[in-house]
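Read the structure below first, then the notes.
As the structure lists them, so they are numbered: ligands from 1, and atoms in each ligand from 1. Scope of the values below: all heavy atoms of this structure, side chains included, with no hydrogens, waters or symmetry mates.
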Amino acid sequence: MDVKAPKGTADILPPDSEDWRRVVEKGTALFRTYGYREIMLPVMEHTEVFARGIGQGTDIVQKEMFTFTDKGGRSLTLRPEATAGVARAFIQHRLDAAGLPVKLYYRGPMFRHERPQAGRYRQFRQLGVELIGSPYPAADAEVIVLCAGFFSGLEIETDLAINSVGDDECRPAYVEALRKYLGRHEGKLCGDCRRRAVENPLRVLDCKVEGCAEVIAAAPTIEDYLCGPCREHQGELEDLLRAVSLPFRRDGRLVRGLDYYTRTVFEFQDPKLGGQNALAAGGRYDNLVKELGGKPTPATGFSIGMERVMLAGPRQEGRSEDGVFVVAIGETARGKAFLTAQGLRGAGIRADLDHLRRSPKAQMREADRGGFAFSVIIGEDELAGGYYTLRNMSAATQERVEEAELLETLRRRLDESGA
Ligand code: HAM
């Protein structure tokens, strides 16, 4: 049997998982202060949701989906992203009935069959928000500012790149111009891009192959093709970002790898990793809900790649020691230790005890290893006298605490020690 996790997947073990949890909790708390509420989605959808939502001509749909046929003969896919699933749920549960906008956030694993490398995995985790129902630039500005707040709260430096990919009015002319241009430079394009140049020219702009990059550098940009309303939308968004002093860079070649975008697209990039490593990305998708069978409903949002965030080194609030380890000296004390630990847990205090019948010395070592701030020692004297010995692990000081006062004293001591 192969005891390794599948290629491109990873286990996140303690204590790292504690750092992850803190970052996720901080992020989701921030989302809630902006009025977003959590939606919990299935990790698989009918394949069509992604094929129609993300777009047939995208790399994600063409090459990267984990698709399988279930026992009923239906084609299902592990979600490569969550926006299409959110839109599907929005339609299915008529979430517009209670009024717009609907503001949702989600977290969880996504699956893409990509070639694994640093920051790119087959199973990765995203945190994301979607603001559904507003066509206005202030909605784009809100999600962008929120995403920026997530990174500044973790003291992670990012570069914000934004662009407009136009709408149904103006994009077709740009796509045609791009197709013609690419046709003239076909010889320099990679095999994939030769196909993309015909089927979905915008996707060529994402290609990182050297020869293609050269062609892309001189390609027409969408800026020159934007219609009046798209230009106005972009101008208002930029004004709002300037009003809150959020620096950004306009990147006319930023198009993103998903077809559902209209007008605003953006990426928060890690300046240390160069232009192509996005820690978070998103944009406006005014046609997605309609595309999946709902009423036309404008929307905007973003997703944060948690693995990349953790690689970027978020500031951690110091792993403080907390809780209590209950040490039993002698066989007779074990029952009491079990009950004491239970009582503390019931009162909401992190408490643990020895499960391997170890010596008192080994139990003390265990208390140290587990990062406990205190230990409660129960020996023969304590049992006979109806008290506990409370030990401050880092100060190595001990005090006698009457049984009835344990909880109160511990709370006070934990408070004093900042745990
Ligand atoms: P995306 O650009 O495909 O957009 O992914 C968003 C973020 O997820 C990326 O910036 C990156 O940090 C992370 N990510 C993507 N693929 C991988 C991978 N293979 N391994 C590790 N991290 C990865 C979306 O998913 C859209 N749903 C964003 C959105 C929300 N647009 C509107 N609303």
Any atom of ligand 1 sitting under 4.0 Å from a heavy atom of [X]?
X	answer
G257	no
G119	yes
V309	no
Y260	yes
E307	no

I'd like to check which ligand 1 atoms, numbered from 1 as shown, lie under 4.0 Å from a non-hydrogen atom of [X].
X	value
A280	10 (O)
L258	3 (O), 4 (O)
A281	2 (O), 10 (O), 28 (C), 29 (C)
G282	29 (C), 31 (N)

Looking only at heavy atoms, is any part of [X] under 4.0 Å from ligand 1, and if so is it the side chain, the backbone, or both, or is it neither?
X	answer
E130	side chain
L279	backbone
P80	neither

For [atom], grab the closest protein heavy atom and report residue, atom and distance to one decimal in Å.
atom	answer
atom 28 (C) of ligand 1	S303 OG, 3.1 Å
atom 32 (C) of ligand 1	G301 O, 3.4 Å
atom 19 (N) of ligand 1	E114 OE2, 2.6 Å
atom 2 (O) of ligand 1	R256 NH2, 2.8 Å
atom 30 (C) of ligand 1	T83 OG1, 3.0 Å
atom 13 (C) of ligand 1	G305 CA, 3.6 Å

Give yes or no for whether the N/O distance cutoff of 3.5 Å, strictly under, is met between [X] and ligand 1.
X	result
A278	yes
A82	no
Y121	yes

Can you figure out which of [options] has its heavy atom closest to [atom]?
atom	options	answer
atom 31 (N) of ligand 1	Y261, F302, Y285	Y261
atom 17 (C) of ligand 1	F266, Y106, F124	F124
atom 5 (O) of ligand 1	E81, Q269, Q126	Q126

So F151 and F268, would you call those rings parallel, tilted or perpendicular, with 30° and 60° as cut-offs?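 F151 vs F268 ring planes: tilted.
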Return yes if some donor-acceptor pair links the side-chain N/O of [X] with the main-chain N/O of [Y] below 3.5 Å, else return no.
X	Y	result
R358	Q363	no
R196	V204	no
R284	Y136	yes
D140	T264	no

Report yes if the distance between the aromatic ring centroids of Y105 and Y36 is under 6.0 Å, otherwise no.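 Judged by ring-centre distance (under 6.0 Å), Y105 and Y36 do not meet the cut-off.
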Any chance [atom1] of [X] has more than 12 other-residue heavy atoms, nucleotides or ligands included, within less than 6.0 Å?
X	atom1	value
Q398	CD	yes
Y181	OH	yes
E210	CD	no

Does a side-chain N-to-carboxylate-O contact under 4.0 Å join D239 and R242?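 Yes, D239 and R242 are salt-bridged.
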Is it true that E81 and R112 have a side-chain N and a carboxylate O under 4.0 angstrom from each other?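 Judged by the 4.0 Å cut-off on N to carboxylate O distance, E81 and R112 do not form a salt bridge.
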Testing the basics here: between G53 and L292, what is the closest heavy-atom pair and its distance to 0.1 Å?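 Smallest heavy-atom distance, with atoms named: N-CD2, 4.0 Å.
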Does the structure place the NZ or CZ of R350 under 6.0 Å from the centre of the six-membered ring of F372, at an angle of no more than 45° from the ring's axis?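 Relative to the ring axis of F372, which defines the angle, R350 lies inside both limits.
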Looking at CD1 of I349 and CG of L414, how far apart are the two atoms once the value is rounded to the nearest 0.5 Å?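 Atom-to-atom, I349:CD1 and L414:CG are 6.0 Å apart.
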